[in-house]
Amino acid sequence: MKGVFPITIFETTDTPFYYYDTDLLRKTLHAINDEIDKYENFYVHYAVKANANPKILNIICQAGLGADCVSGGEIQASLNAGFTSDKIVFAGVGKSDREIKLGLDKNIYCFNVESIPELEVINQLANECGKVASVALRINPNVGAHTHANITTGLAENKFGIAMSDMEEVINKALQMKNVKFVGLHFHIGSQILDMGDFIALCNRINDIQTQLESHHIEIKSINVGGGLGIDYQHPNRVSIPDFKSYFETYAKHLKLRKGQSLHFELGRSVVGQCGSLITKVLYVKHGAVKQFVIVDAGMTDLIRPALYQAYHKIENISNDEDTVTYDVVGPICESSDVFAKAIDLNECHRGDLIAIRSAGAYGEIMASQYNCRSLPKGYIKEEMF
Ligand code: LLP
């Protein structure tokens with residue numbers, strides 16, 4: 001066992017694979033529950049898009065969280081893992097008829113609706129199957145988040161949500177429909193947010209919206225503020241559990257909830273990010289003209305975040321403690337963007353050494369592809385490795 005890894009077992013396991021430290025996952029879930037227990041009416045729905053590995057979903061379900069889904073496949077995966085339908089919320093700008101019917105059929109807690117045409121289709125399909133669908137309207141609050149442009153969602157220019165200027169019209173439409181029940185508002189401003197000021201800005205915007213709607217006697221039963229809390233990619237060991245205390249306190253302090261209102265969160269990355277590592281093996285050390293390359297057997301097909309968002313993941317050679325050498329760490333895929341890191345210091349690498357790419361529990365395994373006809377990486381939890 002080196003550091004946090006069962007290294008001897010890794011040595012006999014086919015690479016690349018994801019390894020999930022389920023003790024850390026359970027501690028993280030405890031930390032979340034300890035915080036939300038302090039507040040009445042705070043509910044966390046795990047954002048399944050971050051990681052839908054059935055073993056991980058099952059542990060999260062056992063901790064009592066609900067599920068936030070963005071496709072019929074995610075609804076099904078959540079139900080299979082044991083989540084009850086009354087804790088499932090369903091968002092997404094492009095829900096297909098089949099997916100809406102699945103949500104209706106399973107009586108999910110709420111559809112987060114993103115446009116008038118979608119609202120009309122839900123009303124019609126609910127009518128056809130004799131149901132009333134609970135809906136929350138996803139409002140685009142035009143609040144920026146200080147994060148990567150590709151993962152900012154709450155600006156007016158983004159495709160997500162209903163414009164604030166159309167909000168009242170859409171609510172009134174929903175209130176008139178027979179087969180939908182308007183329950184509240186939904187927001188999400190972006191992901192990997194570490195500046196609590198961004199969440200405060202969202203709270204302030206929601207407070208204004210609530211005052212405006214109250215003056216028109218529109219009742220809101222539930223508010224869903226989405227997810228977005230970031231993790232410390234630089235220090236996966238030192239800051240292995242995100243600061244949930246400050247996060248929930250920020251909402252408790254700045255969001256003016258009305259009597260009886262429930263507050264819902266959709267956390268993904270902060271739940272699973274730090275518990276996962278991508279374990280890969282050094283195939284070759286290549287001495288180039290100006291730099292040295294460590295070529296590993298994992299590629300952007302296994303973890304696309306560095307190629308897609310220029311995301312930083314801490315990388316470690318977990319096979320030895322030799323002096324460090326500066327390398328570019330690259331995968332075998334035929335794309336020049338298949339690079340995990342440039343000019344980083346690693347303990348000197350040799351063919352066969354094991355490399356851990358840390359903080360890969362969120363948006364890692366789930367975003368893997370089979371480009372170049374590669375196999376999808378396997379995911380193992382700690383219990384399977386001892
Ligand atoms: N709710 C909604 C409506 C969302 O769109 C998202 C993430 C979440 C909740 C969960 O956000 P989280 O707590 O995980 O930040 N693939 C990107 C991240 C995309 C996030 C998409 N939406 C990445 O690897 O950084």
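Note: hydrogens, waters and symmetry copies are ignored here, and every other heavy atom, side chains too, is used. Counting convention: from 1, in listed order, for ligands and their atoms alike. Position 1 is the first residue of the sequence; numbering continues from there.
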Item to check | Residue pair Glu365, Leu303: steps toward the side chain to side chain contact (heavy atoms under 4.5 Å, CB included) verdict | outcome: CA-CA 7 Å; Glu365 186 182 353; Leu303 175 67; over 6 Å; no
Checklist entry - For Ala298, does its backbone N or O pair with a side-chain atom of Thr280 as donor and acceptor, under 3.5 Å? => result yes
Next on the checklist: Can a side-chain donor-acceptor contact be found between Ser262 and His264 if the only test is distance below 3.5 angstrom?
Outcome noted: yes
Checklist entry - Heavy-atom distance to atom 4 (C) of ligand 1: which of His188, Arg305, His186 wins? => result His188
Checklist entry - What closest approach, in Å, do Lys95 and Asn112 show between heavy atoms, and which atom pair accounts for it? => result NZ-O, 2.7 Å
Checklist entry - Hey, is Ser191 touching ligand 1 through its side chain, its backbone, both or neither, going by heavy atoms under 4.0 Å? => result both
Next on the checklist: Any nitrogen or oxygen of Arg138 lying under 3.5 Å from a nitrogen or oxygen in ligand 1? Just yes or no.
Outcome noted: no
Next on the checklist: Give the atom numbers and elements of ligand 1 that come within less than 4.0 Å of a heavy atom of Leu267.
Outcome noted: 13 (O)
Next on the checklist: Counting only nitrogen or oxygen atoms and a 3.5 angstrom limit, does Gly268 reach ligand 1?
Outcome noted: yes
Item to check | Note: Glu383-Arg26 ion pair, threshold 4.0 Å (strictly below) | outcome: yes
Checklist entry - Any idea which part of Asp68 is under 4.0 Å from ligand 1, heavy-atom wise: side chain, backbone, both or neither? => result side chain
Checklist entry - Do the non-hydrogen side-chain atoms of Val271 and Leu29 ever get within less than 4.5 Å of each other? => result yes
Next on the checklist: Within the supplied structure, the quantity of interest is the number of heavy atoms (other residues, nucleotides, ligands) at a distance under 6.0 Å from Lys378 NZ; does it exceed 12?
Outcome noted: no
Checklist entry - Does some non-hydrogen atom of Gly228 fall short of 4.0 Å from ligand 1? => result yes
Checklist entry - Met367 heavy atoms, cut-off 4.0 Å: which ligand 1 atoms fall inside? => result 16 (N)
Item to check | Distance filter under 4.0 Å to Gly227 heavy atoms, resulting ligand 1 atoms | outcome: 9 (C), 13 (O)
Next on the checklist: As an exercise, identify every atom of ligand 1 less than 4.0 angstrom from a heavy atom of Ala47.
Outcome noted: 10 (C)
Next on the checklist: With a heavy-atom distance limit of 4.0 Å, tell me whether Arg269 approaches ligand 1 through its side chain, its backbone, both, or neither.
Outcome noted: both
Item to check | Charged N-O contact under 4.0 Å between Lys382 and Asp21 | outcome: yes
